[in-house]
Number of protein chains: 2
Amino acid sequence: MKNEDEPKDKRLKGGDAQKLTMAEVAKYVGVSAMTVSRAFRQDASVSEETRKRIMEAVDALGYVLDLSAGSLSSRRSGFIAALVPSINNSNFSDTARGITDALENTGLQLLLGYTDYSAEKEEKLIEAMLRRRPEGVILTGGSHTDRARRMLDKAGIPVVETWEIPEEPINHVVGFSNSEAMSLLVRTLASQGYRRFGYIGGTTARDTRGSQRRSGFLKTVEELGLGPGRAISFGVPPITMEQGGQAVVSLLERWPDTEVVLCVSDLSAFGAIMECKRRGMNVPGDIAIAGFGDYEISSICHPSITTINVDCYGIGRQAAARLLDALQGSGEATGDEMTLTGYKVVLRESTDRGGAR
Amino acid sequence: MKNEDEPKDKRLKGGDAQKLTMAEVAKYVGVSAMTVSRAFRQDASVSEETRKRIMEAVDALGYVLDLSAGSLSSRRSGFIAALVPSINNSNFSDTARGITDALENTGLQLLLGYTDYSAEKEEKLIEAMLRRRPEGVILTGGSHTDRARRMLDKAGIPVVETWEIPEEPINHVVGFSNSEAMSLLVRTLASQGYRRFGYIGGTTARDTRGSQRRSGFLKTVEELGLGPGRAISFGVPPITMEQGGQAVVSLLERWPDTEVVLCVSDLSAFGAIMECKRRGMNVPGDIAIAGFGDYEISSICHPSITTINVDCYGIGRQAAARLLDALQGSGEATGDEMTLTGYKVVLRESTDRGGAR
DNA sequence: GGGCAGAATGGTATCGATAACAATTCGAGG
DNA sequence: CCTCGAATTGTTATCGATACCATTCTGCCC
């Protein structure tokens with residue numbers, strides 16, 4: 001049924017040759033290609049008049065600069081690579097947005113990848129990204145495969161690790177201690193009189209920030225002499241809202257007298273709260289619940305959710321700013337390469353001690 | 001305070017020259033650069049033995065392929081560009097994930113951009129993307145500036161518009177009618193006996209899908225003879241959870257006898273529900289509320305939220321599949337270029353007619 | 001044994017822009 | 001009128017890989 005002569009077009013609607021080059025624009029205007037190239041950069045010395053003529057021609061012909069050619073000769077790809085565990089998590093997408101915003105008008109473009117919380121996938125992505133010769137790399141967390149570290153090292157470009165404080169930083173760090181943040185939440189709630197603490201999180205293998213929060217929880221409960229913490233692992237990180245609901249049920253079955261449950265993230269906290277309400281329990285009257293991350297949902301939810309606010313967007317912005325600094329070679333006192341970002345406890349209804357509602 | 005002789009390193013930890021080229025790998029192994037290049041592609045004819053030796057050398061030297069050079073000579077960038085309105089919205093990040101997944105193992109890499117629901121920003125991004133010479137483009141929606149359309153046309157690459165049915169499609173389409181989907185929801189609820197319908201959405205200028213939903217709502221309420229719909233515009237899209245809460249208050253002040261409120265998205269529906277509960281109203285007892293998009297939150301929330309389920313992830317996968325088809329030049333009967341994706345009403349507690357609770 | 005197909009490999013031009021340097025123009029100052 | 005320098009523009013080589021074609025080397029068949 002196939003017609004042999006039929007043009008094997010893929011598209012080609014109004015599409016003419018489309019293989020327009022700088023040289024052709026140059027010929028059209030009557031200048032050299034080099035001048036056209038200069039006209040595209042604001043710093044270059046081209047007379048205003050010439051630039052105007054060139055840009056008119058560019059417009060008329062529909063020419064679009066080819067950066068892949070440009071980056072080969074200039075040896076600057078114009079890419080920044082960033083890897084986040086998941087883009088569906090609004091904490092990380094806020095960070096991605098921070099990076100994007102910080103990169104605006106720098107001429108740099110973001111290459112974004114998702115690691116799915118897997119170091120192996122991260123390694124693959126790092127290799128894929130490095131093939132594009134990015135000028136800098138932003139990673140989430142501090143756990144990487146050896147090969148990943150070697151590749152990054154070899155690449156000789158600035159690297160920023162975010163969202164936690166790695167034991168052995170590669171280069172720059174923009175983050176905070178997840179363990180201490182969780183510890184602060186425990187202490188704050190303990191000071192309000194809570195005694196029997198439970199914890200809900202995913203299994204520990206993949207999500208390093210999650211396991212840091214967990215260990216911060218356990219350590220602090222111990223330190224405060226509040227007996228062993230009651231910690232439940234439920235599902236592979238990232239733990240969903242639904243799993244949060246299931247986990248709180250298990251936890252309360254096992255330790256019915258638990259007074260307050262801390263969750264690895266607001267999402268699981270939300271799931272837990274909703275499940276409790278569904279079962280006719282009162283939050284915080286019968287059980288108090290807190291999360292981590294201060295997602296939008298937590299201030300809106302009824303009851304609103306106590307949590308730790310983390311500056312997700314700022315992490316992105318600062319990480320990018322860090323890279324830009326490093327790229328500008330502003331050697332000035334490379335100084336400390338660690339930027340600590342703030343976090344704070346946000347007390348809301350879900351742990352309100354008066355809480356009957 | 002600056003030391004002039006101080007090496008102006010930017011990083012350079014273990015970083016040696018890092019300017020390793022294929023030719024050097026070739027010399028190291030004792031073959032030509034061409035053979036090394038072939039070794040990197042699975043289709044090429046290189047003896048297994050040679051490839052093995054080359055790959056060992058690559059490993060030993062830490063060489064990483066340079067795709068910017070490769071794409072210049074092969075005239076294939078290996079990029080797919082995708083633009084979504086916002087990445088912080090899980091509907092679109094699901095679509096992005098669908099695209100990413102579909103691209104896995106194709107050797108194609110995703111260039112992702114956020115338009116912030118702005119056609120102007122979209123135009124800028126399209127230009128920025130085209131400078132990388134992507135092999136295909138995936139857009140959200142069908143509203144683009146003229147210049148954007150011209151650039152895309154000129155580029156001569158396949159384009160897929162998603163998430164709606166444009167009046168004048170550029171090329172391929174993978175989406176559904178937002179207006180009809182909303183209409184279906186209205187009819188379904190009307191058949192359950194609801195009569196006085198309200199609607200909450202953002203102002204119409206930017207979010208075309210939002211305004212299609214709104215007009216589907218108004219048209220259907222009219223058609224069913226349910227009097228004029230009570231529609232409130234609140235804030236610039238994307239309307240937040242908080243704005244959903246504020247909007248429902250305005251709506252009920254203005255039309256206190258409203259029975260059911262439909263929202264442009266689950267997020268605003270959630271905000272509306274929480275605000276109602278906060279004010280002591282019962283949902284669905286006093287007021288029924290429905291959303292759009294079937295976000296995770298809607299099945300977890302208490303009450304769970306009636307909504308329209310849209311195959312966000314599938315839209316991404318199919319859009320990418322569409323592109324891959326077009327790229328393979330599988331000319332075979334280019335056929336219809338419109339892929340309709342499904343949607344369905346998901347009835348939940350928030351509109352339960354028996355609903356006292 | 002000659003010829004030949006097919007696999008494996010090498011040599012060279014080239015992709016489209018930019019770096020580096022050369023050349024030209026123009027005006028001011030001596 | 002000549003020289004000099006800043007501003008503007010042009011020329012050529014090059015970035016690092018791949019396309020394309022040529023070459024070498026096997027082994028096999030008549």
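Quick caveat, the model's predicted, so the values are computed rather than measured. Lettering of chains follows the sequences in order, A, B, ..., and the numbering in each one begins at 1.
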Exercise. With sugar-phosphate meaning primed atoms plus P, OP1 and OP2, does A:Ser32 contact a base, only sugar-phosphate, or nothing at under 4.0 Å between heavy atoms?
Worked result: base

Every protein N/O lying under 3.5 Å from an N/O of nucleotides 23-28 of chain D:
none

Exercise. Would you say the side chain of A:Asn171 lies within less than 4.5 Å of the side chain of A:Glu337, judging by non-hydrogen atoms?
Worked result: yes

Problem set entry | Exercise: do A:Thr339 and A:Gln318 side chains pair donor with acceptor under 3.5 Å | no

Exercise. Under a 4.5 Å cut-off applied to non-hydrogen side-chain atoms, are B:Leu152 and B:Leu139 in contact?
Worked result: yes

Exercise. Does A:Phe40 have B:Arg131 sitting over its ring (NZ/CZ under 6.0 Å from centre, angle to axis within 45°)?
Worked result: no

For this session: Measure the shortest side-chain to side-chain distance between B:Tyr114 and B:Phe92 over non-hydrogen atoms and say whether it is less than 4.5 angstrom.
Result: no

Problem set entry | B:Met34 CE - C:dA13 P separation (whole Å) | 15 Å

Exercise. For the pair made of CZ in B:Arg76 and C1' in D:dA19, what is the distance, rounded to whole Å?
Worked result: 14 Å

For this session: Grab the CZ-P distance between A:Phe40 and C:dA17 for me, whole Å please.
Result: 9 Å

Exercise. Heavy atom of residues 61-73 of chain B under 4.0 Å from DNA chain C: which residues?
Worked result: B:Leu72, B:Ser73

Problem set entry | Heavy-atom closest pair, residues A:His144 and A:Glu161 | NE2-OE2, 2.8 Å

For this session: Counting heavy atoms from C-beta on, name the nucleotide in C:dG11, D:dT8, D:dG10 closest to the side chain of A:Val31.
Result: D:dG10

Exercise. Whole-Å distance between C:dC15 P and B:Arg132 CZ?
Worked result: 21 Å

Exercise. Once you round it to whole Å, what is the distance between C1' of D:dA17 and CG of B:Leu20?
Worked result: 14 Å

For this session: May I have the distance from A:Glu24 (atom CD) to C:dG16 (atom P), rounded to whole angstrom?
Result: 9 Å

Problem set entry | Interatomic distance, A:Met22 CE vs D:dT14 C1' [rounded to whole Å] | 16 Å

Exercise. In terms of side-chain heavy atoms of A:Val46, which of C:dG16, D:dT9, C:dG10 is nearest?
Worked result: D:dT9

Exercise. With side chains defined as the heavy atoms from C-beta onward, is the minimum distance between A:Lys52 and A:Met55 less than 4.5 Å?
Worked result: no

Exercise. Taking C-beta and beyond as the side chain, do B:Leu108 and B:Leu323 meet within less than 4.5 Å on heavy atoms?
Worked result: no

Exercise. Tell me: CZ of A:Arg41 to P of C:dA17, nearest whole Å?
Worked result: 12 Å

Problem set entry | Backbone N/O of A:Arg53 and side chain of A:Glu56: donor-acceptor pair under 3.5 Å | no

Problem set entry | Which residue lies more 5' along DNA chain C, comparing B:Ser74 with A:Ser74 via nearest heavy atoms | B:Ser74

For this session: Verify whether one side chain among A:Thr35 and A:Ser32 offers a donor that lies under 3.5 Å from an acceptor in the other.
Result: yes

For this session: Return yes if the base of C:dG10 and the side-chain atoms of B:Arg38 contain a donor-acceptor N/O pair under 3.5 Å, otherwise no.
Result: yes

Problem set entry | Sugar-phosphate only, base, or nothing, as touched by A:Arg51 at under 4.0 Å among non-hydrogen atoms | nothing

Seminar exercise, completed: Regarding the side chain of B:Thr21, the nearest nucleotide among D:dT11, C:dT9, D:dA17 is D:dA17

Exercise. Base, sugar-phosphate alone, or nothing: which one does B:Ser45 contact when heavy atoms must sit under 4.0 Å apart?
Worked result: base

